[in-house]
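Dropping a structure here in structure tokens format, bear with me for questions.
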Amino acid sequence: MNPAFFDRPAATVAAALIGHGLLVDGIGGIIVETEAYDRTDPASHSFAGPTRRNASMFGPPGHAYVYRSYGLHWCLNLVCETGSAVLLRALQPITGLETMRARRGLDAPRLLCAGPGRLAQALGIDLSHDGLRLDRAPFAWLAPQGPVTVAATTRIGISRGVDAPWRFLVPGSPYLSRPLPRTKPGADPAG
DNA sequence: CACCAGATCTTCT
DNA sequence: GAAGATCTGGTGG
């Protein structure tokens, strides 16, 4: 992946990443769900300025930002323009299923990388990856294999910035952390 | 399937 | 002391 790819607004990068393959030490799959967080976004770790934890978000684009969520899960972000990043929320597992299963336990393939914490655990991500360049080992990237359909929705698990449509996903993918919400709740239940 | 609580670290008040 | 970009295992319909 060219470092210039990440030197753009996080929402642009988050949408463009859908369909790309990501491998960490040869293990990974196809990105099916991302979220964007930027410097002016009250939901972003960078909103209140630099801290020890978010230092990588204020470093150069094309590096990893890894943080601990709720005290026990790791989450993997890709740093974009200064103070912005893309949170990887779900992959369709492709390679290294055995290793992912060993790291995660007895999960069905559908759940191995369905959520930022699960994804990081399946890929073996921890704080040692924070700040690493994304264009060299252990990271490797694969271009989309064919046409990619991308939908944008509001983000998950936040209490501020809830209206920004900065969650990007493959509609109907069984590997999402949560399915695409219905645009008209209650309508057309026969679907 | 819905709801609830527990685990446990970083930041902010 | 409280909240947070989460996941798991329990209970109840």
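Every value quoted in this text rests on a predicted model; they were computed, and no experiment measured them. Basis for what follows: all heavy atoms, side chains included, without hydrogens, waters or symmetry-related copies.
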Problem - A/H63 vs A/F6 side-chain heavy atoms within contact, under 4.5 Å - result: no
Exercise for the section: Kindly say if A/R104 contacts the phosphate of C/dT8, meaning a side-chain N or O under 4.0 Å from OP1 or OP2. Expected result: yes
Practice task
Could you please name the option among C/dT8, C/dA5, C/dC7 that lies closest to any side-chain atom of A/H73?
Solution key: C/dC7
Exercise for the section: Measure from the side-chain heavy atoms of A/R53 and tell me the nearest of B/dT10, C/dT8, B/dC9. Expected result: B/dT10
Exercise for the section: Would you mind telling me which of C/dG4, C/dA5, B/dC12 lies closest to the side-chain atoms of A/Y70? Expected result: C/dG4
Problem - Nearest listed nucleotide, side chain of A/L72, among B/dT10, C/dC7, B/dT8 - result: B/dT8
Handout entry: A/W74 CH2 - C/dC7 C1' separation (whole Å)
Key = 16 Å
Completion exercise
Value for CE (A/M1) from NE2 (A/H20), rounded to nearest 0.5 Å, stands at 4.5 Å
Exercise for the section: Check for a donor-acceptor pair, side chain of A/D130 on one end and backbone N or O of A/L127 on the other, with a separation under 3.5 Å. Expected result: no
Handout entry: Nucleotide nearest A/Y67 when distance is taken to its side chain, options B/dT10, C/dA5, C/dC7
Key = C/dA5
Exercise for the section: Have a look at A/L87 and say if it touches a base, only the backbone sugar-phosphate, or nothing, with a 4.0 Å heavy-atom cut-off. Expected result: base
Exercise for the section: Starting from the 5' end of DNA chain C, give me the residue, A/I156 or A/Q121, whose nearest nucleotide shows up first. Expected result: A/I156
Exercise for the section: May I ask you to verify if any side-chain N or O of A/R89 is less than 4.0 angstrom from the OP1 or OP2 atom of C/dT6? Expected result: yes
Practice task
Using Watson-Crick or G-U wobble geometry with both distances below 3.5 Å, tell me the partner of B/dT11, or none.
Solution key: C/dA2
Fill in the blank from the handout: Separation of B/dT10 atom P from A/Y65 atom OH, nearest Å, is 11 Å
Fill in the blank from the handout: In whole angstroms, the gap separating P of C/dC7 from CG of A/L112 amounts to 13 Å
Practice task
Go through C/dT8, B/dT11, C/dT6 for me and flag the one nearest to the A/R52 side chain.
Solution key: B/dT11
Completion exercise
Winner on side-chain proximity to A/S159, out of C/dG4, C/dC7, B/dT11, is C/dG4
Handout entry: Distance in angstrom units between A/D41 CG and C/dG4 C1', rounded
Key = 14 Å
Practice task
Can you tell me the distance, in whole Å, between the OH atom of A/Y37 and the C1' atom of C/dG4?
Solution key: 11 Å
Fill in the blank from the handout: Distance col, row A/R155:CZ vs A/R160:CZ, nearest 0.5 angstrom, shows 10.5 Å
Exercise for the section: Could you state the atom-to-atom distance from NE2 of A/H45 to C1' of C/dT6 in whole Å? Expected result: 11 Å
Completion exercise
CD1 (A/I30) and OH (A/Y175) are apart, to the nearest 0.5 Å, by 9.0 Å
Handout entry: Integer angstrom distance from the P of B/dA5 to that of C/dA2
Key = 16 Å
Exercise for the section: Ignoring backbone atoms, establish whether A/R118 has a side-chain N or O less than 4.0 Å from OP1 or OP2 of C/dT8. Expected result: yes
Handout entry: Any A/S69 side-chain N or O less than 4.0 Å from OP1/OP2 of C/dA5
Key = no
Handout entry: Sub-4.5 Å side-chain heavy-atom contact between A/P138 and A/L132
Key = yes
